[in-house]
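First up is the structure itself, then whatever we jot down about it.
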Amino acid sequence: MSWNDFTKKVKEFFTGKKQADKVDTSEYAEDEKKLNEELGKLKEEFEANDYDVGGGYEDISDLLPEEQTFEFLKYEGDDADTIKNKTKEEFDKLLGDEKQKVNDSYKTKVDGVQSKIDGAQMQFDNDKKAIDSEYDDFQKAIEKELVKKGLYRSSITSGSKQANENMRQRQIESLMGDLQVGVDALNAEIAKLKGEENVALQELDLSYAQKLQNQIDSLLEKRKSEIEKIDKYNNTLREKQSKYIADRAQAIEDQLVKRKKDELEIKAMENKYGYSGKKLESYQKRYNLAYEYYSALPKDAALQMLEENKELQDYLGNYFGKLLSSIAKK
């Protein structure tokens, strides 16, 4: 049975006569609209100040934010390529400094040997000058003696001069031989020092290459470890975030279920025992306002308007039936 059929039966039951199918209520429509507005205001006023539809609950969805704000960590160190490049620059500078020390050290040693070569050459030059001077003086003395004896233009002069020159040449050649032996030994020492220098530089290259690689490996491992710690921490926060969202949704669902259950229990109690307190006062006030209006109308018109006023039952709640019965009994 539809609601319209039900209300029609109610009308016929209380009036004892068959009800007309339709009554023209257009002349009351404007006043009924004003009534609905007044009832709506009373309902809003009550619910805003005195009545919690949730039965005294604060809405968890309002109390709990949609998601928790976590401060995720971010790795702010250098990337792998930057670490490699920076470390290489540092080690290249250190290697350059160490090579310069080796170069300076061996240059000092080579310069010392070269100084000996220069000294030997200078000594040779001095010794040669002394020999030349000695043989020149000796030749002059011979020539002077031959002049005294009247033999200056004889073959003796030419022979003595040649003999003297040969002796000087042999002495200078001996001196040059000694010089060459000494210089060769010193040049060999320089070559040996340069060989040692090259070996030292090569060893530095190998040593620093290994140190560089070890340092890069250590820094990359440290970077990896820090990133893993950050990822682990952030993953923990994401798990907490997901759990919070799930727990919040469950809490909201649980509260809705409980509120619905409580509302049904409250409604059942109100259906059985009626409203109480300020709720009773509000609904009684709304009922009185509605009764005052509809009771002043012709019964058929009032009952039909009650039947058609879909908002009225929401405004009056359990008092709607009382109003319908009261108007029907008029």
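What's counted below: heavy atoms across the whole structure, side chains too, no hydrogens, waters or symmetry copies.
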Test side-chain hydrogen bond (donor to acceptor under 3.5 Å, both in side chains), reference Asp78, set Arg223, Lys86, Lys84, output is Lys86
Between Asn288 and the options Glu292, Gln284, Lys285, the side-chain hydrogen bond (donor to acceptor under 3.5 Å, both in side chains) test singles out Gln284
* Ring-face cation of Lys211 near Tyr208 (centre distance under 6.0 Å, axis angle within 45°) -> yes
request  = With Lys109 as the cation and Tyr106 as the aromatic partner, state whether NZ or CZ is under 6.0 Å from the six-membered ring centre and within 45° of the axis.
outcome  = yes
With a 4.5 Å limit on heavy-atom distance, are the side chains of [X] and [Y] in contact?
| X | Y | answer |
| --- | --- | --- |
| Glu311 | Asn309 | yes |
| Tyr294 | Leu323 | yes |
| Gln171 | Met167 | no |

Quiz item: Is any side-chain N of the basic residue among Glu196 and Lys192 closer than 4.0 Å to the acidic one's carboxylate O?
Solution: yes
Would you please say whether a donor-acceptor pair under 3.5 Å links the side chains of Glu32 and Asn36?
-> no
With a 3.5 Å cut-off and no angle check, do the side chains of Glu239 and Asn235 form a donor-acceptor pair? no
Using the ring of each side chain (for Trp, its six-membered ring), is Tyr287 parallel, tilted or perpendicular to Tyr291, with breaks at 30° and 60°?
-> parallel
- Tyr319 vs Tyr275 aromatic rings, parallel, tilted or perpendicular, using cut-offs 30° and 60°? parallel
### Task
Show the numbers, then the answer: is there a side chain to side chain donor-acceptor pair (under 3.5 Å) between Arg170 and Ser174?
CA-CA 6 Å; Arg170 283 196 295 273; Ser174 176; over 6 Å; no
